[in-house]
Amino acid sequence: MARAPFVIAGTEIKAGTRQTVEVPVAKLYTHTPLHIPVEVIHGRRDGPVMMVCGAIHGDEINGVEIVRRVLKNSTLRHLRGTLLAVPIVNIFGFVQRTRYLPDRRDLNRCFPGSESGSLGGRIAYLLRTQIMEKVTHIIDLHTGAIHRFNLPQIRAELKNPETVRMAEAFGAPVILNASLREGSLRAYADSQDIPVITFEGGEALRFDDVVITSGVKGVIRVMRALEMVPSKKGPKAPRKRSEIAAMSMWVRADIDGIMRPVAKLGQKVRKGQRLAMVADPFGETEVSVVTPISGIVICVNNLPLVNEGEAIYHVARFDELGEAEKAMDYFRSSLDPEMTEAVLPVHPWDNDPK
Ligand SMILES: [Zn+2]
């Protein structure tokens, strides 16, 4: 018997076909209607229904490109189950190049939302009723804030074994067991027992090829683990792709000043090691910023102008730092050196695995 069609926003997508559906959201006050475009790939055979979404924070654009490249991947021809790709959730913020909605709310704090609420609540409600209630798995794509560059990492609540399976399959070098923020898409999905992982990589308003490539590979790997697409033939992947962090902390500047970074993204640092220098413009007052924990640098602030108390480095601590290093080494070895050196000469990666 043929698989039943997938229905979204009144559109029926037959098994074995794909279609872009415009899900109506709201009208602009110019009377122009606004839609969230969703690409539905409805496989011929039954399987998981996975949503992959980007730009719920409108300026976090790496995810938009990750979705585009996933949709081009030829392995989707063999799809089992259904893929719902939502490249731009926060259409308003994306157009305005901002994280927020026009009323300055954060859409990722508006869940579960309501039909008659404010704009954010309505978009959350729409996403929930039109899409999230139909899915079995979610990958939510994010980047660091503006001027903050995240190492590719997965954040997830690691209580649900299916969530753990997705987090490990993704293969980002670091996994953070991140508590749920009230009102976030992830918290809502978790409350409905939908396994959900958040990918973080790069910074807002920038594309980064290393991050985008690891995001695309990660989404496909999760689909393989869920048997939505066929597994790769050939030698088995190495065991150590990711390591789960025990905790993470932001290291802050002790004085106002101009920062000179010393530690690089992905670098192993020891407790007490210098991460950066901060000095006034005359160099009269100069202070080292040191890390109070050993670990791996998972986010760097790349704006050198800092205020006292500003978070400038994010360091993850591991029970087995050596295992985290192995995961970082594998991650580096999986990158095309030309991609990191020739294409991105001023790239924040530490490619020197010392
Ligand atoms: Zn975000």
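If you read the sequence from its start, that first residue is 1, and numbering goes on from there. In what follows, every heavy atom counts, from backbone to side chain, and hydrogens, waters and symmetry copies are set aside. Order of listing sets the numbers, starting from 1, for every ligand and every atom in it.
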> If waters are left out, how many protein N/O/S atoms lie within less than 2.8 Å of the Zn ion (ligand 1)?
4

> Only one of Gln153, His57, Arg186 passes side chain to side chain donor-acceptor pair (under 3.5 Å) with His142; say which it is.
His57

> Less than 4.5 Å apart, side chain to side chain, heavy atoms only: is that true for Met166 and Ile139?
yes

> Can we say Arg3 and Asp46 salt-bridge, meaning some charged N sits less than 4.0 Å from an Asp/Glu carboxylate O?
yes

> Inspect the contact between Arg128 and Glu115 and indicate whether a charged nitrogen and a carboxylate oxygen are less than 4.0 angstrom apart.
no

> Mind telling me whether His42 and Phe6 have parallel, tilted or perpendicular rings, with 30° and 60° as the class edges?
tilted

> Pick from Asn301, Asn302, Thr143: which one makes a side-chain contact (heavy atoms from CB on, under 4.5 Å) with Phe149?
Asn302

